[in-house]
Protein chains: 2
Amino acid sequence: MSSEAPRPGTSDHSNTLIGKAFESIRKDIIASELKPGEKLRIAQLRTRYGVGTSPLREALSRLVSEGLVTARGQRGFWVPPVSVEDSEDIVETRVVLETYALRASIKVGDDEWEGQIVGAYHNLRRVEQRFADEPAGSFAEWWERNRLFHEALIAACPLKWLLRFQHIVFDLHNRTHRSSMQTPNLSPDLFEDHRLIMEATLARDARKAVELLEHHIRRPPEPAGE
Amino acid sequence: MSSEAPRPGTSDHSNTLIGKAFESIRKDIIASELKPGEKLRIAQLRTRYGVGTSPLREALSRLVSEGLVTARGQRGFWVPPVSVEDSEDIVETRVVLETYALRASIKVGDDEWEGQIVGAYHNLRRVEQRFADEPAGSFAEWWERNRLFHEALIAACPLKWLLRFQHIVFDLHNRTHRSSMQTPNLSPDLFEDHRLIMEATLARDARKAVELLEHHIRRPPEPAGE
DNA sequence: AAATCATAAAAAATCGATATTTTTTGTGCA
DNA sequence: TGCACAAAAAATATCGATTTTTTATGATTT
């Protein structure tokens, strides 16, 4: 009997069309290639992602609970619209979860945890330096490494469920940012934030780290043109 | 064009077999009728809930993101097992979310909010009184009204996403409690907690209300026997 | 004439049956 | 006991049928 019940919160969908569709659609929604408010028609998605109806609908169903897709019975699926109220809600919820997790991490984090942060920051820094030269090419990459850096900061928090929720609102926040800028546009202030947050965190200065992180999360997206 | 994109976090699955299956399975998992660690075989569930493969799998997919079902690619679905670590994780996450939401509610709640709390408490009190006489008959009802009472307490919190996450961990916490007791067994201390929490909340004594709520959430389930 | 309502046609979502693929179980052999 | 292979079971995916919603059209009312 090698069929063990997996731990809660597990979602191993490797090697299935469901998994492929799930990841692809998730990626496209976060990147705002599937635009906020857009109707997700099954027939269209089938040709776009090259899978049948069933795996497609199952992937969409999974995304519903993550808030990246909304469903109405017998009416189909949509990309949820982006509104100011929702964005503020997402930002403040992210502040609550992420500052708690950062405090907890600073309290119990070990050498291994510190090393992961330094490594993630290094990778992030690389893209940030490259961003000035070729913004378009490094934009998507920046978001991914930004996510990994923030995850590393709070990885020592023992509450797995809280981290899971943080992941969800992070993705949602990511999407609102990306949908608000037509062209890649990242403030150098954001980059500076990262350095300061890391320094305060490694110095175990919880109060300062949390304050910096709050400002960082609340920082509004750069206006499109300048 | 009456097809409007619904707000994020919406899940209206009315009148679909998916919705029926989703609610039924969710209910049975929380009530531990589908037991922790149990394999969820599609063929069995089809006869049990009287629906076909497609709506069944979609319902299960939705439950995966809520943590009430786990999935392994090509291996199928399980009811997640209950472990001590997971339970502590769930409890502490619930404390973080629910105390924040209670504080926020006390800060901004209006008359309407207060009325809902009093009403929910009244309904809950009724079942709690009935519980002494017929525990088996009022057990499931108690859980539902308990949930409604706790939701009423924090309903004025403006962060919809935080409330949504609270709902998820509440259900998970509910399940761990129910799976730990073979026979209905609720402590009178729990009932007393409710009264005190309500009083402190309506008195707008945030510090006291939060302290009581923390103790209440952390209170372990009654041991099965006496 | 404009607006409302009913009806029909088209489109789309939903569902179940069947075929395919993968995993699990069972059996014989080294 | 361990391994290879075959059989069975189970999950997954595709397809087509059914149901529901949406759109289009025309008649009726104000």
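Just so it is clear: chains get the letters A, B, ... in the order the sequence lines come, proteins before strands, and each one is counted from 1. Since this is a predicted model, take the numbers as computed values, not measurements.
- Rounded to whole Å, the distance from CD on Glu58(B) to C1' on dA13(C) is 10 Å.
- When the local axes at the two ends of the helix from dA1(C)-dT30(D) to dA30(C)-dT1(D) are compared, using 5 base pairs at each end, they differ in direction by 20° after rounding to 10°.
- The existence of a salt bridge linking Glu214(A) and Arg218(A) is confirmed by a sub-4.0 Å separation between a basic side-chain nitrogen and an acidic carboxylate oxygen.
- Side-chain N/O atoms of Thr53(B) and base N/O atoms of dG16(C) include no donor-acceptor pair closer than 3.5 Å.
- Listed pair Arg75(A) / dT20(D) fails the phosphate criterion, with no side-chain N or O lying under 4.0 Å from OP1 or OP2.
- Using a 4.0 Å heavy-atom cutoff across all strands shown, Leu60(B) reaches no nucleic acid atom at all.
- If Ser54(B) and Ile42(B) are placed on DNA chain D by their nearest nucleotide, the residue sitting closer to the 5' end is Ile42(B).
- Distance CD1 (Ile18(A)) to P (dT22(C)): 14 Å, rounded to an integer number of Å.
- In terms of phosphate contacts, Arg57(B) brings a side-chain nitrogen or oxygen within less than 4.0 Å of OP1 or OP2 of dT12(D).
- Using a cut-off of 4.0 Å between Lys/Arg side-chain N and Asp/Glu carboxylate O, Asp171(B) and Arg26(B) are scored as salt-bridged.
- Checked for salt-bridge contact, Arg62(A) and Glu58(A) miss the test: no charged N lies under 4.0 Å from a carboxylate O.
- Dashed line: the shortest gap from a side-chain N or O of Lys39(A) to OP1 or OP2 of dA13(C) is under 4.0 Å.
- Whole-Å rounding puts the Arg72(A) CZ to dT21(D) P distance at 11 Å.
- Distance Gln74(A) CD to dT20(D) C1': 5 Å, rounded to the nearest Å.
- When rounded to the nearest whole Å, the span between CD of Gln44(B) and P of dA9(D) equals 14 Å.
- Scanning both residues, Arg178(A) and Ala31(A), for their nearest heavy atoms gives NH1-CB, 3.5 Å.
- For the residue pair Arg46(A) / Thr53(A), a side-chain donor-acceptor distance below 3.5 Å is found, with atom types taken as modelled.
- Between Lys27(A) and Glu23(A) there is no salt bridge, since none of the side-chain N atoms of the basic residue sits less than 4.0 Å from a carboxylate O of the acidic one.
- Rounding to whole angstrom units, CD of residue Glu38(A) and P of dA12(C) are separated by 14 Å.
- A salt bridge is defined here as a Lys NZ or Arg NE, NH1 or NH2 lying under 4.0 Å from an Asp or Glu carboxylate O, and Glu38(B) with Lys35(B) fails to meet this definition.
- Leu56(B) has its CG atom 16 Å from the P atom of dT14(C), to the nearest Å.
- Spacing between atom CH2 of Trp78(A) and atom P of dT22(D) amounts to 7 Å, rounded to whole angstrom units.
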